[in-house]
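Predicted model only: the values in this text are computed from it and were never measured.
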Amino acid sequence: MLFKYKNDYEKIAMGFLSFIPDLKEVSHVQSELAFYNKDDQHVLYLWQNDEGDFSGIVGVEIGTDFILVRHMSLSPAERTDINLFRILNELAALYPDNRVMGSLDTAPLIAKWEQQQTKEMD
């Protein structure tokens with residue numbers, strides 16, 4: 001289940017963001033958090049697994065007809081395609097009128113998810 005980021009979850013969010021290769025340094029992680037907090041078009045969601053533990057994070061940019069997935073990170077124990085696809089399915093359900101798209105870093109994952117969606121529809 002996705003939960004919109006709140007400042008109460010700062011340390012949890014920083015932990016998940018630090019798994020992203022470009023965000024290894026604390027200053028970079030803090031800059032990203034500030035970036036997501038500056039306006040309503042950039043949103044961070046924490047993902048909770050079936051046991052109720054926060055297990056991942058996804059950062060999106062909301063456009064007029066698209067959702068751009070900028071960052072996605074799961075704890076090592078939860079890093080499976082199934083969980084990544086669950087997060088993307090939840091995002092798509094939150095924004096049913098918007099197309100889920102990927103950044104340069106997340107585009108391969110989004111393409112894989114879209115292929116899975118196509119298979120399920122057949």
Side-chain angles (χ1 to χ4, degrees):
M1 179 180 284
L2 292 175
F3 291 89
K4 202 168 190 179
Y5 169 79
K6 294 188 247 179
N7 288 337
D8 296 350
Y9 304 134
E10 181 178 18
K11 288 184 181 179
I12 295 168
M14 287 179 71
F16 289 123
L17 288 172
S18 71
F19 287 133
I20 298 170
D22 291 344
L23 300 177
K24 292 292 183 199
E25 294 181 32
V26 173
S27 61
H28 291 157
V29 173
Q30 290 170 330
S31 295
E32 279 305 302
L33 281 178
F35 172 79
Y36 282 107
N37 282 323
K38 75 177 181 177
D39 61 47
D40 293 336
Q41 277 73 29
H42 299 93
V43 182
L44 270 178
Y45 290 99
L46 290 166
W47 180 70
Q48 220 175 38
N49 66 15
D50 292 336
E51 288 79 41
D53 298 322
F54 285 122
S55 299
I57 197 164
V58 60
V60 299
E61 181 177 329
I62 304 167
T64 54
D65 60 352
F66 67 90
I67 300 296
L68 178 69
V69 178
R70 296 183 75 246
H71 297 102
M72 210 167 170
S73 176
L74 291 172
S75 65
E78 299 285 346
R79 270 186 213 145
T80 65
D81 285 348
I82 291 169
N83 286 336
L84 291 167
F85 294 168
R86 286 175 65 191
I87 292 170
L88 293 172
N89 288 338
E90 289 181 35
L91 267 178
L94 278 176
Y95 300 96
D97 297 330
N98 298 36
R99 180 168 183 243
V100 177
M101 300 173 65
S103 66
L104 289 175
D105 292 332
T106 62
L109 170 64
I110 303 301
K112 195 172 181 182
W113 170 71
E114 287 175 336
Q115 288 174 344
Q116 182 66 28
Q117 296 295 311
T118 303
K119 287 179 189 175
E120 289 176 5
M121 293 164 99
D122 291 341

Query raised in the report: What distance separates Arg99 CZ from Glu114 CD, expressed to the nearest 0.5 Å?
Result: 5.0 Å
Query - Euclidean distance, Tyr36 OH relative to Ile57 CD1, rounded to 0.5 Å - result: 8.0 Å
Report summary line: ring pair (Phe, Tyr, Trp, His ring centres under 6.0 Å) filter on Phe66, not counting sequence neighbours, yields none
Report task. For Ser55 and Asp53, indicate whether the former's side chain and the latter's backbone hold a donor-acceptor pair under 3.5 Å. Result -> yes
Requested in this report: For residues Gln116 and Asp81, determine if any side-chain heavy atom of one lies less than 4.5 Å from a side-chain heavy atom of the other.
Outcome: no
Query raised in the report: Can you find a heavy atom in the side chain of Arg86 that is under 4.5 Å from one in the side chain of Asn83?
Result: yes
Report summary line: When rounded to the nearest 0.5 Å, the distance separating CG of Leu44 from CD of Glu10 is 11.0 Å
Report task. Show your working on ring-ring contact (aromatic ring centres under 6.0 Å, His included) between Phe54 and Tyr9 and close with a plain yes or no. Result -> CA-CA 10 Å; Phe54 285 122; Tyr9 304 134; 5.0 Å; yes
**Report entry** Point-to-point distance, once rounded to the nearest 0.5 Å, from NE2 of His71 to CZ of Phe35
**Finding:** 8.0 Å
Report summary line: Excluding Ile62, membership of its hydrophobic cluster (Ile, Leu, Val, Met, Phe, Trp, Tyr; side-chain heavy atoms within less than 4.5 Å) reads Leu2, Val43, Tyr45, Trp47, Val58, Val60, Ile67, Val69, Met72, Leu74, Leu84, Phe85, Ile87, Leu88, Leu91, Leu94, Tyr95, Val100, Leu109, Ile110, Trp113
Report task. Examine Phe19 and Val26 and state if one hydrophobic cluster contains both, with Ile, Leu, Val, Met, Phe, Trp and Tyr joined whenever side-chain heavy atoms are less than 4.5 Å apart. Result -> yes
Query raised in the report: Is any side-chain heavy atom of Asp105 closer than 4.5 Å to a side-chain heavy atom of Asp22?
Result: yes
Report task. Report yes if the side chains of Tyr5 and Asn37 come closer than 4.5 Å at any heavy-atom pair, otherwise no. Result -> yes
Requested in this report: Please round to the nearest 0.5 Å and tell me the distance separating atom OG of Ser31 and atom CG of Leu17.
Outcome: 11.5 Å
Query raised in the report: Is a side-chain N or O of Ser73 found less than 3.5 angstrom from the main chain of Phe16, in a donor-acceptor match?
Result: yes
Query - Close side-chain approach of Gln117 to Asn89, heavy-atom, < 4.5 Å - result: yes
**Report entry** Separation of Thr106 OG1 from Leu68 CG (nearest 0.5 Å)
**Finding:** 6.0 Å
